[in-house]
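As the structure is a prediction and not an experimental result, all values here were calculated from the model. Naming convention: chains lettered A, B, ... in sequence-line order (proteins, then strands); numbering from 1 in each chain. Reckoned from all heavy atoms, side chains included, excluding hydrogens, waters and symmetry mates.
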There are 6 protein chains.
Amino acid sequence: MRPSGRANDEMRQVKFTRNYTMHAEGSVLVEFGNTKVLCTATIDERTPPWLRGKGQGWVTAEYGMLPRSTNSRMGREAARGKQGGRTMEIQRLIGRSLRAIVNLEALGERQIIVDCDVIQADGGTRTASISGAYVALCDAVQTLLDSKKIKRDPLMGQLASVSVGIYKGNPVLDLDYAEDSNAETDMNVVMNNAGHFIEVQGTAEGHAYSRDEMNAMLDLAEKGINEIIEIQDETLK
Amino acid sequence: MRPSGRANDEMRQVKFTRNYTMHAEGSVLVEFGNTKVLCTATIDERTPPWLRGKGQGWVTAEYGMLPRSTNSRMGREAARGKQGGRTMEIQRLIGRSLRAIVNLEALGERQIIVDCDVIQADGGTRTASISGAYVALCDAVQTLLDSKKIKRDPLMGQLASVSVGIYKGNPVLDLDYAEDSNAETDMNVVMNNAGHFIEVQGTAEGHAYSRDEMNAMLDLAEKGINEIIEIQDETLK
Amino acid sequence: MRPSGRANDEMRQVKFTRNYTMHAEGSVLVEFGNTKVLCTATIDERTPPWLRGKGQGWVTAEYGMLPRSTNSRMGREAARGKQGGRTMEIQRLIGRSLRAIVNLEALGERQIIVDCDVIQADGGTRTASISGAYVALCDAVQTLLDSKKIKRDPLMGQLASVSVGIYKGNPVLDLDYAEDSNAETDMNVVMNNAGHFIEVQGTAEGHAYSRDEMNAMLDLAEKGINEIIEIQDETLK
Amino acid sequence: MRPSGRANDEMRQVKFTRNYTMHAEGSVLVEFGNTKVLCTATIDERTPPWLRGKGQGWVTAEYGMLPRSTNSRMGREAARGKQGGRTMEIQRLIGRSLRAIVNLEALGERQIIVDCDVIQADGGTRTASISGAYVALCDAVQTLLDSKKIKRDPLMGQLASVSVGIYKGNPVLDLDYAEDSNAETDMNVVMNNAGHFIEVQGTAEGHAYSRDEMNAMLDLAEKGINEIIEIQDETLK
Amino acid sequence: MRPSGRANDEMRQVKFTRNYTMHAEGSVLVEFGNTKVLCTATIDERTPPWLRGKGQGWVTAEYGMLPRSTNSRMGREAARGKQGGRTMEIQRLIGRSLRAIVNLEALGERQIIVDCDVIQADGGTRTASISGAYVALCDAVQTLLDSKKIKRDPLMGQLASVSVGIYKGNPVLDLDYAEDSNAETDMNVVMNNAGHFIEVQGTAEGHAYSRDEMNAMLDLAEKGINEIIEIQDETLK
Amino acid sequence: MRPSGRANDEMRQVKFTRNYTMHAEGSVLVEFGNTKVLCTATIDERTPPWLRGKGQGWVTAEYGMLPRSTNSRMGREAARGKQGGRTMEIQRLIGRSLRAIVNLEALGERQIIVDCDVIQADGGTRTASISGAYVALCDAVQTLLDSKKIKRDPLMGQLASVSVGIYKGNPVLDLDYAEDSNAETDMNVVMNNAGHFIEVQGTAEGHAYSRDEMNAMLDLAEKGINEIIEIQDETLK
């Protein structure tokens with residue numbers, strides 16, 4: 001039995017609220033149950049220095065948690081003077097995943113920066129971030145298309161992400177914090193709408209997992225991601 | 001005529017939403033029109049090192065802006081590796097103001113940290129932060145009283161803050177961004193519910209201001225702060 | 001009775017020594033009693049990057065304290081690897097105040113950097129810094145005029161600064177350390193020679209102050225600043 | 001055809017040289033073809049502060065690349081003043097993997113720090129690091145057993161790691177730099193000697209990968225890891 | 001002919017002003033011609049953490065230059081966020097030199113920190129700093145003796161320092177900036193009052209120097225240091 | 001008697017291994033007994049910003065120690081976020097020494113960066129680094145000559161370095177760690193093949209040294225350096 005009473009293959013309620021704030025070209029509040037992340041996509045007409053004149057654009061991401069998004073307060077990274085390893089790992093993952101579905105030449109010599117800031121955390125902040133970042137990215141890209149700055153849609157696909165794991169011996173979908181902090185294995189999966197993998201990151205926390213367990217987790221992930229993609233579609237309609 | 005069409009002595013709509021997030025002992029979304037700041041108050045049972053064993057507590061604040069809370073994206077301070085001068089100035093102001101109404105001995109050897117994170121900025125983020133921080137502080141203090149960790153209420157008063165300025169030659173109340181970025185003079189005022197000053201910070205941006213102008217601005221500030229205090233009272237009832 | 005025996009409206013001895021060091025375009029040792037600050041003004045023929053090609057110059061300030069300028073040694077900010085919040089706050093105040101009397105277009109595309117380094121501290125280092133910075137700025141500007149690099153005097157006024165406060169219930173002028181560390185209220189005031197305000201920063205340390213107290217403090221500040229301006233005039237003659 | 005002429009399921013030559021340097025409790029040079037990493041294991045009799053008094057030990061890792069281990073020189077992280085995101089990601093992966101096979105209670109209240117420093121890079125530095133770190137860890141643990149500081153062997157298993165990927169449409173084992181920089185998909189796999197997964201990190205660089213491709217890669221990884229484990233056994237005999 | 005018209009073996013005017021500032025236990029302005037350094041010695045009743053409980057004290061030094069002590073303004077190290085290599089090198093040299101004449105056991109478990117801050121630079125700031133630091137150290141030690149905190153004088157000797165070099169082919173004593181920036185060789189020498197060497201740091205800037213040149217420079221250094229020691233004695237009488 | 005059993009004027013075995021790693025233009029492992037340093041020389045076709053367009057090149061060095069190159073593990077400087085004073089001092093010494101034998105105009109507008117990374121430390125890492133850096137520099141320069149990027153050999157001489165000291169009252173050559181940590185005096189000497197000094201850095205650790213002791217040490221250094229130069233010649237033949 002899961003702490004939330006959900007079935008093993010049951011997602012939390014997933015919700016995307018577009019235009020959540022007023023300044024960004026894309027601004028989406030994504031909710032996976034109690035996990036709430038604000039994803040804003042900014043169009044920056046300059047590419048990073050190392051890409052200047054290369055005839056292509058860039059998509060990158062930054063991630064942060066508000067100090068009290070978590071149960072006990074985390075020190076503010078700006079005050080500590082550096083981003084921690086976990087933050088770097090997550091924002092690299094988000095950026096890499098998004099780039100996997102963007103035609104950077106079609107984007108032109110500009111950059112889209114997606115900021116994922118966790119307002120409230122209850123497990124799965126990175127998978128919610130990726131899923132919400134996609135929606136914010138769509139809105140920012142639409143801005144470019146509407147303003148005729150680009151002619152071709154640079155998006156080559158759709159993506160979403162979910163976590164799966166082994167909790168008390170059972171494969172479960174979309175872990176919340178109560179499960180995540182006790183899971184034996186935790187796997188974050190990013191897939192596109194063709195059902196292919198963009199990222200798989202599986203970590204044995206307590207015990208190493210077998211190929212069978214891996215397959216069971218990947219099946220759950222596929223189910224969850226399909227559901228998220230449907231909700232994204234609904235949201236973007 | 002003000003860009004927003006408001007009268008010179010008219011506040012934007014002020015709103016406090018308590019329990020905005022679920023983890024913090026106090027969690028308040030404060031809105032001054034389009035300016036939205038999330039204020040969370042955390043009870044930390046350890047005082048800062050330099051206060052250990054002194055028989056008193058501490059109240060401090062941290063301030064941050066989400067990168068795309070503003071019209072053009074600001075670099076993330078955590079990524080740049082330090083907090084800027086403006087951030088430091090504001091968080092010092094918030095903390096100092098709050099301490100002015102707290103009996104630190106009555107608080108006991110613990111610390112309350114108030115985080116003010118700007119979700120959306122449209123001028124007046126520091127005054128909204130102070131006004132919201134007060135409400136979050138009240139909720140955190142109530143938690144301490146309810147749990148019997150302290151016996152006496154350490155709050156010695158109530159406070160709120162508003163900005164005033166000279167815009168196109170006229171004293172105006174509660175400047176939004178359109179006014180703030182063009183004001184000749186900008187003054188942030190923090191007052192308590194006895195009508196006394198806790199902080200006054202007035203800056204001539206364009207032209208130095210006379211004693212008469214100062215008095216006119218202080219009159220407006222007093223009016224605005226009284227209105228905010230009423231809304232706080234309503235909220236906390 | 002004030003610790004120094006001064007009357008409530010009595011300044012400490014104020015003294016400016018020009019050409020205190022030999023390299024800077026303006027170099028002034030300012031003394032407010034035992035508080036001694038070396039203010040040097042440097043002409044830098046490059047503006048900050050964000051002003052390039054805008055047809056105007058810039059004036060900025062940096063502030064520092066020698067580690068043993070104070071009664072107990074303060075850690076060196078260069079060794080700690082960052083400037084503290086108080087330092088940032090003060091140097092922003094000095095720079096902003098100076099810019100209020102400079103016509104940046106008339107200055108041309110160059111920068112004047114004023115460094116205020118506290119040699120010995122006894123309260124009021126920021127107000128002494130501002131008052132001395134003005135004199136150093138005058139000397140640097142004169143260098144530009146003498147060398148025909150600029151034709152018009154970019155200085156649009158004169159300024160000075162003093163602290164006032166409530167000490168043991170009485171409004172007092174120009175607080176020294178003994179008073180400053182025990183004052184109920186502390187206010188730093190910057191005014192120009194037209195008697196108008198450039199900055200007012202008042203902080204309730206112990207008790208909130210009334211409008212009457214504020215007015216009494218502002219009266220004292222005006223008196224003190226007039227006296228400093230006279231001494232500046234004498235010095236610059 | 002692979003650039004190196006290897007078969008798709010063929011490892012580079014793997015070699016472990018123990019006691020490579022003289023000071024560390026474990027010191028191993030690991031070579032995967034031209035990739036050479038020095039792994040040293042240090043016994044530190046203090047645990048990290050957050051584990052003090054918890055009755056358990058800790059295993060952690062740090063990773064670095066000599067500036068000219070790569071084809072074009074990389075800036076020295078110590079000179080730049082911080083470790084990059086890739087470094088953090090890798091050292092977190094190494095530490096987490098090692099902890100998956102260590103009984104931290106049996107280790108006692110001490111820490112083993114494994115430093116993996118890349119002397120020469122030709123792809124696969126993180127998987128070589130993990131494989132070599134295991135051998136260095138064994139030597140350090142043996143030191144503790146020999147000196148009777150611990151009684152029970154805290155190692156609960158053996159591990160090794162290898163990269164697999166899709167190169168020119170084919171699944172290949174143990175990518176070198178020529179392949180790695182052109183692979184469509186890159187996956188790092190850590191497994192234990194029971195054939196179970198400790199970490200799987202698969203990234204689509206060019207195109208998303210199907211479940212079939214994933215399975216083919218995992219098969220190759222299993223084959224490679226078994227071979228590395230045999231060589232580790234040989235080395236440690 | 002030297003730019004200053006001095007004879008090759010002629011020092012600039014050396015002057016020590018004790019009690020230059022009011023807070024430090026030792027406070028000395030040292031002047032070598034136009035080079036002016038403020039040396040303050042602080043008694044800190046805590047030793048550095050790594051010396052706690054070892055039954056001995058410590059002497060250390062920090063060095064800094066005011067931004068406009070030099071002909072063109074140097075960026076403030078506190079603003080840049082770190083001390084440069086030259087600063088570190090010099091402050092390590094000052095501290096090491098002072099420790100060579102201090103009996104650290106006799107000092108007891110406390111620390112003396114000597115801050116050397118360059119007010120005006122004209123070559124030889126490090127040698128002036130060392131020579132002045134000795135005088136400040138004497139005053140701080142006397143404070144300890146007077147207050148009976150220590151019984152034995154921990155000073156085991158006296159030291160001074162001077163620079164020598166090869167300028168236009170000739171060995172010269174006490175280089176000023178005009179010489180220093182054009183010298184072929186520059187050597188900083190620290191000696192004690194027994195005529196023995198504490199530090200010798202000789203650097204070929206333009207051409208490598210012979211043993212004969214080295215001997216000529218050391219002769220000059222010995223002469224200069226003897227003169228400084230006499231002036232120190234005079235000052236301390 | 002020296003701990004190693006060597007005669008007072010006897011060097012440890014000195015060995016240079018060229019082409020130690022495969023990427024760098026010069027790559028040399030230098031061994032002074034158990035001290036092993038990897039010196040790589042990188043040709044960078046850009047000069048530092050402050051030299052652009054000046055018609056000359058630059059030679060610089062960076063130094064680092066692997067965390068467990070020493071007997072007890074040293075914290076990684078990249079993790080601590082800055083290079084220590086000793087590191088800065090050493091890398092400045094290496095760079096300065098190398099520049100003393102390079103005609104920077106003949107090098108053209110490019111930079112050679114020599115990285116000296118200590119693999120195993122047993123005293124004398126900086127002198128081994130300098131001696132090895134020279135060999136790596138030769139190889140990098142030869143690359144430039146071979147590729148016709150430069151026409152004239154920019155090397156104006158040869159250099160090597162050794163440490164000397166007073167150990168138990170006797171002048172000794174090439175101190176290992178056992179001696180170095182107990183020496184009364186430690187001197188690092190850099191000389192060219194004409195027998196002239198490029199750097200002399202002598203430090204009294206325990207007792208100040210006389211002119212006679214200095215001369216004895218310099219004699220030893222000259223002998224050692226001549227031997228190293230011969231081995232360099234042998235290596236480079």
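Only the side chain of A:Asp117 comes within less than 4.5 Å of a heavy atom in chain B; its backbone stays farther off. Heavy-atom distances place the side chain of B:Asp122, and not its backbone, under 4.5 Å from chain A. Looking at B:Thr87, there are no atoms closer than 4.5 Å to chain A (heavy atoms on both sides), in backbone or side chain. Using a 4.5 Å cut-off between heavy atoms, B:Gln83 touches chain A through backbone and side chain atoms alike.
Ranked by non-hydrogen atom pairs under 4.5 Å with chain A, the options B:Thr40, B:Thr70, B:Asp115 are led by B:Asp115. Put simply, of B:Glu77, B:Arg73, B:Lys36, the one with the most heavy-atom pairs under 4.5 Å next to chain A is B:Arg73. When the candidates B:Ala121, B:Ser27, B:Ser72 are compared by the number of heavy-atom contacts under 4.5 Å with chain A, B:Ala121 comes out ahead. Contact tally against chain B (heavy-atom pairs below 4.5 Å) for A:Lys82, A:Gln120, A:Gln91: the top residue is A:Gln120.
Contact check for A:Thr42 versus B:Pro67: no side-chain heavy atoms found under the 4.5 Å cut-off. B:Val114 has its side chain out of reach of A:Arg68: every pair of non-hydrogen atoms, C-beta onward, lies at least 4.5 Å apart.
Rounding to the nearest 0.5 angstrom, the gap separating the NE2 atom in A:His23 from the CG atom in B:Asn34 is 7.5 Å. Here the CD1-OG1 distance, from A:Ile119 to B:Thr21, works out to 8.5 Å after rounding to the nearest 0.5 Å. For the atom pair CG of B:Leu66 and SG of A:Cys116, the computed distance is 11.5 Å after rounding to the nearest 0.5 Å.
The environment of A:Arg46 atom CZ is sparse: at most 12 non-hydrogen atoms of other residues, nucleotides or ligands sit within 6.0 angstrom. Other residues, nucleotides and ligands place no more than 12 heavy atoms under 6.0 Å from the CD atom of A:Gln13.
Formation of a donor-acceptor pair under 3.5 Å by the A:Glu62 side chain with backbone atoms of B:Ala79 is not found in this model.
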